[in-house]
Amino acid sequence: MRYSKTLIPTLKETPAEAEVISHRLMLRAGFIRKLTAGVYSYLPLGLAAIRKVENIVREEMNRAGAQELLMPMVQPADLWVETGRYKKYGPELLRFHDRHNRESCLGPTHEEVITDIARKELHSYRDLPINLYQIQTKFRDEIRPRFGLMRGREFVMKDAYSFDVSDEAASLSYQKMYDAYKRIFTRCGLEFRAVQADSGSIGGSFSHEFMVLAKTGEDTIVICKNCEFAANMEKAAVVVAPKERVEPMAELEKIETPGKRKVEAVCEFLGIEASKLVKTMVFKADGVPVAVLVRGDRDVEEVKLKNLLGAADVELADDKEVFDATGVPTGYLGPVGIKIKVVADQEVASMENFYVGANEKNFHLKNVNLDRDCTIEAIGDLRQITTADPCPECGGQLATTEGIEVGHVFKLGTGYSESMNATFQDQHGKEKHFVMGCYGVGVTRVVAAAIEQNHDENGIIFPIPLAPFSVVVLNLGVNDKVITDAAEKLYGDLQKAGIEVLLDDRDERPGFKFKDADLLGIPFRVNVGKGFVKSGQVEVKNRKTGDVEEMTPESLVTVLKKRISSALSS
RNA sequence: CGGGGCGUAGCGCAGCCUGGUUAGCGCGCCUGCCUUGGGAGCAGGAGGCCGUAGGUUCGAAUCCUACCGCCCCGACCA
């Protein structure tokens, strides 16, 4: 394409709305423009990058034996009522009425629609296994859209759904997708990790997330320095070594702690370590207050709490709610004689003669022992893992890093097929529910994540497989016939060689073109200028390494063709 | 939804506190000259319901009220 004929509205200054680097650069490079909160138009170059991701995803899905289809974005509420998600999904599901006043919604995901297709069109075990996918625009009315394409309300997603005869067969389908995803992100040229994950509101039993490693990631992931273990922080299991009781149970004692509310203050006042204290946090689980016990120096992991309680939603109660529920001001709460349900982190169960709030202002209790003094509803892994904890799989040392979730694979089981009564007949003529899996890739987010991971102060540095163009040819002498002829010929020759090339044929000064080329992040920049008139050679600059080489246009075509195709075939 | 901030030319901002007649600056855009290896220079020019509605006032971008929109921090997720 010719730059002069292409809409690439680059910006010298960064629009005030953009906070994270990918958002800023996509705006500045003229890739996207915002229409309204969380909703963007994709301009030609932005779309080109999105198409690159789509094509890689499509090829790998097809290679894995999945079939592409396309489902509607507008869906009838009835379907969502069947699975119970019309209620459960909450305000993120954009609902509206059509002219006949029928309830409808914009699809944030397509389990309902695909399951409807399955129950209507798949009847026999002979039809299975099958994996159907689409690449489509989704709409989720996010509470707070932000970071440009990283968390938009409207975004492009690849979603795939597998149907199997049994759990074992479903595991195979899952594994195939897991492998396909590894190939996808490897081919995209991204540094990523597959991690164990919580399955969230989509439901299901088993799940992995694919995380692009980047400082701006919204998720924290935990990886083992010793083995292959990697998990989302919110999922990573804490393993506590079983501990023998060493101290005899001491007598319960009430001690005065005037005005000492925070863990730190209490510990300092009493001259104890935070690990001898148990804090009592009150959460609202689907609106019902529950007290949660963790060691003083630990943090509650809300996702784990949610799972233990089987709640759809948990939220830390504020001071007033705590007082209303317990009659105790925050800071002096404790499990002994508290009015509400109590759950405890497993670690607390092995603590001896510890300290807690006395459920009375300005008092704490000493020498508390869980089994003797408290009534506990449930004990489980409720706290956030730390790098001081052992790897749950090999006991090795853990490290944390930030990641951007770009893909997620779930084993769904029969939840949807049961609620929607989607069945097939097995070999023995018996009706069975499909065992399902679902698999998502955030296509637009992949582009954002790629930029988060690959940029410098001058702009984007696209991995070759995702770049809108592989090469940009700069005509640095549009008024010079020799230079212009050479640039035009090179442009044509590169195209003939099957290379995607942008020709900067604008009547601009060289520095201006360099800046734009860097900003756009095109992997190879070819300068055709005065040097060519003198020596017959052009310059190639590698956007990533900054390396500059000189060669004749003829050898350039050969060299670039080789480099690009090797990058694409990795 | 809770907390914080912002809406003035295509973009980035000043002006507002302390109302006053032609609303400014930089970038970008248009014309011409000049220039041509890291976002040049000179000259001329176009472009603004000052977010919307109401109120106060002789007079409102400026003060007051409501609404709308956007951004940032928390709960959600590809």
Side-chain angles (χ1 to χ4, degrees), chain A residues 9-20 23 27-28 30 33-39 53 57 89-93 108-110 135-160 181 197-202 207 209-212 218-219 232 234 283-284 302-303 306 312-316 318 404-410 438-449 458-459 474-480 483 506-519 525 527-533 539 541 548:
Chain A
T10 57
L11 264 22
K12 218 183 273 191
E13 283 173 297
T14 308
E17 68 187 53
E19 180 83 352
V20 298
H23 189 195
L27 249 14
R28 281 196 54 208
R33 286 295 183 261
K34 185 176 68 185
L35 215 212
T36 182
V39 178
V53 177
V57 167
Y89 214 92
E92 232 177 274
L93 183 64
T109 176
H110 282 69
I135 295 173
Q136 194 220 26
T137 297
K138 297 276 187 268
F139 191 91
R140 293 184 188 171
D141 202 354
E142 290 279 344
I143 301 165
R144 186 152 92 85
R146 63 184 132 173
F147 303 155
L149 294 195
M150 289 261 276
R151 181 180 296 282
R153 292 194 296 167
E154 194 176 286
F155 58 97
V156 177
M157 177 171 161
K158 185 283 304 180
D159 47 326
Y181 274 37
D198 185 70
S199 46
S201 67
I202 294 189
S207 135
E209 286 165 345
F210 287 78
M211 297 281 192
V212 167
E218 294 183 89
D219 290 274
N232 192 312
E234 58 188 33
F283 284 82
K284 291 180 294 173
E302 294 188 17
V303 170
K306 202 154 105 176
D313 181 56
V314 299
E315 193 185 344
L316 192 61
D318 62 32
I404 301 165
E405 183 187 355
V406 290
H408 203 157
V409 293
F410 297 86
C438 80
Y439 318 93
V441 172
V443 172
T444 35
R445 188 183 275 182
V446 168
V447 177
N458 293 314
L474 304 191
N475 177 347
L476 298 178
V478 285
N479 298 317
D480 183 311
I483 292 172
R506 296 173 300 170
D507 185 6
E508 293 290 352
R509 299 158 59 87
F512 197 89
K513 295 189 177 189
F514 294 149
K515 288 289 185 187
D516 270 340
D518 284 352
L519 181 59
R525 183 181 91 199
N527 301 334
V528 185
K530 283 186 300 205
F532 176 78
V533 182
E539 283 170 356
K541 182 160 182 177
V548 179

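Order of the sequence lines sets the chain letters (A, B, ...), proteins ahead of strands, with each chain counted from 1.
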Please report, rounded to the nearest Å, how far the [atom2] atom of [N] is from the [atom1] atom of [X].
| X | N | atom1 | atom2 | value |
| --- | --- | --- | --- | --- |
| A:E302 | B:A75 | CD | C1' | 8 Å |
| A:F147 | B:C71 | CZ | P | 12 Å |
| A:D159 | B:C77 | CG | P | 16 Å |
| A:E154 | B:C77 | CD | C1' | 16 Å |
| A:L316 | B:C73 | CG | P | 20 Å |
| A:L27 | B:C71 | CG | P | 11 Å |
| A:M150 | B:C77 | CE | C1' | 12 Å |
| A:R153 | B:G69 | CZ | C1' | 12 Å |

Report each atom pair, protein N/O against N/O of nucleotides 32-36 of chain B, whose distance is under 3.5 angstrom.
residue : atom : partner : partner atom : Å
B:U35   : O2'  : A:R509  : NH1          : 3.4
B:U35   : O2   : A:R509  : NH1          : 2.9
B:U36   : O4   : A:N479  : ND2          : 3.0

Tell me which nucleotide, if any, is Watson-Crick or G-U wobble paired with [N] when both distances must be under 3.5 Å.
| N | result |
| --- | --- |
| B:A75 | none |
| B:G37 | none |
| B:A43 | B:U31 |
| B:G26 | B:C11 |
| B:A53 | B:U65 |
| B:C70 | B:G5 |

Could you work out, with ring-ring contact (aromatic ring centres under 6.0 Å, His included) as the rule, every residue matching A:F532, not counting sequence neighbours?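 Listed in chain order: nothing, the list is empty.
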
The criterion is side-chain contact (heavy atoms from CB on, under 4.5 Å); which residues satisfy it with A:E234, sequence neighbours excluded?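 Counting only residues at least two positions away or on another chain, A:E234 forms a side-chain contact (heavy atoms from CB on, under 4.5 Å) with A:D198, A:N232, A:E301, A:V303.
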
[X] near the nucleic acid: base, sugar-phosphate alone, or nothing, with a heavy-atom cut-off under 4.0 Å?
| X | answer |
| --- | --- |
| A:K284 | nothing |
| A:L519 | base |
| A:D480 | nothing |
| A:G511 | sugar-phosphate |
| A:A16 | sugar-phosphate |
| A:D516 | base |
| A:R525 | base |
| A:E539 | base |
| A:G152 | base |
| A:E315 | nothing |
| A:R28 | base |

Pair of N/O donor and acceptor under 3.5 Å linking [N] base with [X] side chain:
| X | N | result |
| --- | --- | --- |
| A:R140 | B:C77 | no |
| A:R146 | B:C71 | no |
| A:E13 | B:G28 | no |

How would you list, by chain and number, every residue that makes a salt bridge (charged side-chain N to carboxylate O under 4.0 Å, His left out) with A:K138, sequence neighbours excluded?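 Residues passing salt bridge (charged side-chain N to carboxylate O under 4.0 Å, His left out) with A:K138: A:D159.
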
Is it true that a side-chain atom of [X] and a backbone atom of [Y] form a donor plus acceptor pair closer than 3.5 Å?
| X | Y | result |
| --- | --- | --- |
| A:K513 | A:N475 | yes |
| A:R153 | A:E142 | no |
| A:R140 | A:P108 | yes |

Could you measure between the two [atom1] atoms, the one in [N] and the one in [M], and give it in whole Å?
| N | M | atom1 | result |
| --- | --- | --- | --- |
| B:G28 | B:G12 | C1' | 11 Å |
| B:G26 | B:U36 | C1' | 24 Å |
| B:G45 | B:G39 | C1' | 23 Å |
| B:C49 | B:G54 | C1' | 16 Å |
| B:C13 | B:U52 | C1' | 23 Å |
| B:G59 | B:G41 | C1' | 44 Å |
| B:G69 | B:A14 | P | 24 Å |
| B:C11 | B:G37 | C1' | 27 Å |

If you compare all heavy atoms of A:S207 against all heavy atoms of A:F410, which two are closest, and at what distance to 0.1 Å?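 The pair with the smallest heavy-atom distance is CB-CD2, 3.9 Å.
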
Might you point out which heavy atoms bring A:E17 and A:L27 nearest each other, and give the distance in Å?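 Heavy atoms only, the tightest pair is OE2-CD2, 3.8 Å.
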
Residue A:N527, side-chain heavy atoms: nucleotide from B:G37, B:C70, B:C77 that is nearest: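 Nearest nucleotide to the side chain: B:G37.
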
Could you measure the distance from the [atom1] atom of [X] to the [atom2] atom of [Y]? Nearest 0.5 Å is fine.
| X | Y | atom1 | atom2 | result |
| --- | --- | --- | --- | --- |
| A:F514 | A:E508 | CZ | CD | 13.0 Å |
| A:R28 | A:H23 | CZ | NE2 | 13.5 Å |
| A:F139 | A:E92 | CZ | CD | 10.0 Å |
| A:R151 | A:E218 | CZ | CD | 4.0 Å |

Are side-chain heavy atoms of [X] and [Y] found at a separation under 4.5 Å?
| X | Y | value |
| --- | --- | --- |
| A:P9 | A:R33 | yes |
| A:F147 | A:I404 | no |
| A:E405 | A:R445 | yes |

If you measure from the Lys or Arg side-chain nitrogens to the Asp or Glu carboxylate oxygens, is any gap between A:R525 and A:D518 under 4.0 Å?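 Salt bridge present between A:R525 and A:D518.
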
Give a yes/no on whether any side-chain N or O of A:T36 is located under 4.0 angstrom from OP1 or OP2 of B:G69.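 Answer no for this pair, as no side-chain N or O of A:T36 is under 4.0 Å from OP1 or OP2.
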
How do A:K12 and A:G407 order along RNA chain B: which one's closest nucleotide is nearer the 5' end?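 So the residue in question is A:K12.
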
Please figure out whether A:T14 or A:E218 has its closest RNA chain B nucleotide nearer the 5' end.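 Whichever sits nearer the 5' end wins; that is A:T14.
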
Stacking between A:F155 and B:A78, defined as ring centres under 5.5 angstrom apart with planes under 30°, is that present or not?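 Yes, A:F155 stacks on the base of B:A78, since the ring centres sit under 5.5 Å apart and the planes are within 30°.
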
Filtered N/O pairs between nucleotides 41-49 of chain B and protein, under 3.5 Å:
none

Considering only nitrogen or oxygen atoms on both sides, find all protein atoms under 3.5 Å from nucleotides 1-8 of chain B and state each distance.
none

